[in-house]
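As structure tokens, the structure follows; a few thoughts come after it.
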Amino acid sequence: LSAFIIVIMLVGMLFSFAIVANAEEPYLKVASATMTDGQYLVNGSVSPITELPENADSYAYYKDGILTLHNYSLNASGMTKLIEANGKLSLKILLEGENVLKGNSEETTAIWATYEVDIMGSGSLTISNVACGIDKSDENYKKPLYITDATLNISSTNEAINSNSTLNV
């Protein structure tokens with residue numbers, strides 16, 4: 001009996017290890033480009049850079065868990081998620097100036113996240129031509145969506161905001 005219990009415990013440990021080993025690392029994508037800490041994505045570019053060019057006045061910048069959108073404009077071409085935060089990534093989106101996320105189909109989601117999201121700042125964000133403006137509906141984490149002192153204008157065919165957890169405005 002004790003040998004049977006040991007075998008069951010070992011199988012359980014292997015199964016737990018397999019789940020942890022296959023757990024996806026958190027990531028942030030803007031315009032399908034994976035952003036890491038300290039990177040900029042200049043308007044119209046598809047590759048992040050570490051230094052902002054002097055003449056750049058519209059960009060996305062990711063640092064210390066904050067994605068700053070500074071007069072950033074993204075007109076989707078074949079993307080289903082314009083900004084994507086996956087895994088246990090607490091994301092703050094700081095709006096500076098006038099920002100635009102424009103989809104190109106009824107399958108596009110402007111901002112898609114599985115964990116906590118806080119949209120804030122003195123700027124504005126206009127989202128248009130999308131099926132869903134902000135989708136914070138993952139079943140695994142149920143973390144809140146915060147909209148703090150931000151101006152959002154969302155035009156969507158299905159849902160402006162979809163959150164299966166707390167929405168704090």
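What you are looking at is a predicted structure, and each value in this text was computed from that prediction instead of being measured.
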Show your working on side-chain contact (heavy atoms from CB on, under 4.5 Å) between I147 and L152 and close with a plain yes or no. CA-CA 9 Å; I147 300 173; L152 301 178; 3.6 Å; yes
Go through the steps for L41 and I49 under the test side-chain contact (heavy atoms from CB on, under 4.5 Å), then give the verdict. CA-CA 6 Å; L41 189 62; I49 55 177; over 6 Å; no
Between T109 and T80, does the side-chain contact (heavy atoms from CB on, under 4.5 Å) criterion hold? Intermediate values first, please. CA-CA 6 Å; T109 297; T80 57; over 6 Å; no
Let's go through S163 and L145 carefully: what are the C-alpha distance in whole Å and the side-chain angles of both, what is the deciding distance for side-chain contact (heavy atoms from CB on, under 4.5 Å) to 0.1 Å, and is it a yes or a no? CA-CA 7 Å; S163 177; L145 167 63; 4.3 Å; yes
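Using a distance-only test at 3.5 Å, with no hydrogens or angles considered, no donor-acceptor pair links the side chain of N158 to the main chain of C132.
Residues M35 and Q39 come closest through the heavy atom pair CE-O, 3.3 Å. Between L74 and A31, the shortest heavy-atom contact is CD1-CB, 3.6 Å. The shortest heavy-atom contact between A150 and I119 is CB-O, 3.9 Å. Listed here is the closest heavy atom pair of T108 and G103: CG2-CA, 3.8 Å. Minimum heavy-atom separation, A76 to N104: O-ND2, 3.4 Å. Considering all non-hydrogen atoms of both residues, K143 and E116 come closest at CB-N, 3.5 Å.
Looking only at atom types and distance, the side chain of Y72 has no donor-acceptor partner in the side chain of E96 under 3.5 Å away. Side chains of T126 and N99: a donor-acceptor N/O pair is absent below 3.5 angstrom, by distance only.
Taking 4.5 Å as the limit, some side-chain heavy atom of L28 sits within range of a side-chain heavy atom of Y62. Residues K81 and K29 have side chains not in contact (no heavy-atom distance under 4.5 Å, counting atoms from C-beta outward). Side-chain contact between N162 and E159 is present, with heavy atoms from C-beta onward closer than 4.5 Å. No side-chain heavy atom of Y27 sits less than 4.5 Å from a side-chain heavy atom of E25. Proximity of V42 to L52: side-chain heavy atoms (C-beta onward) are separated by under 4.5 Å at one or more points. Proximity of L67 to I83: side-chain heavy atoms (C-beta onward) are separated by under 4.5 Å at one or more points. For the pair N153 and I127, the minimum side-chain heavy-atom distance is 4.5 Å or more.
Screening residues 149-169 for ring-ring contact (aromatic ring centres under 6.0 Å, His included) gives no qualifying pairs among residues at least two apart or on separate chains.
With hydrophobic clusters built from ILVMFWY side chains whose heavy atoms lie under 4.5 angstrom apart, L101 does not share a cluster with M120. When hydrophobic clusters are built by joining Ile, Leu, Val, Met, Phe, Trp and Tyr residues whose side-chain heavy atoms come closer than 4.5 Å, directly or via intermediates, I161 is grouped together with I93. Clustering ILVMFWY residues whenever any of their side-chain heavy atoms sit less than 4.5 angstrom apart, transitively, puts V100 in a cluster other than the one holding I154. Note on I134 and L89: same hydrophobic cluster, where clusters join Ile, Leu, Val, Met, Phe, Trp and Tyr whose side-chain heavy atoms are under 4.5 Å apart, directly or indirectly. No continuous path of hydrophobic side-chain contacts links L91 to Y146 [ILVMFWY only; heavy atoms under 4.5 Å].
Partners of Y61 according to the ring pair (Phe, Tyr, Trp, His ring centres under 6.0 Å) rule, which considers only residues two or more places apart in sequence or in another chain, are Y40. Considering only residues two or more places apart in sequence or on other chains, D57 meets the salt bridge (charged side-chain N to carboxylate O under 4.0 Å, His left out) condition with none of them.
Atom OG of S155 sits about 8.0 Å away from atom CG of N129, to the nearest 0.5 Å. Annotation: the span from E98 atom CD to S124 atom OG amounts to 5.0 Å, rounded to 0.5 Å.
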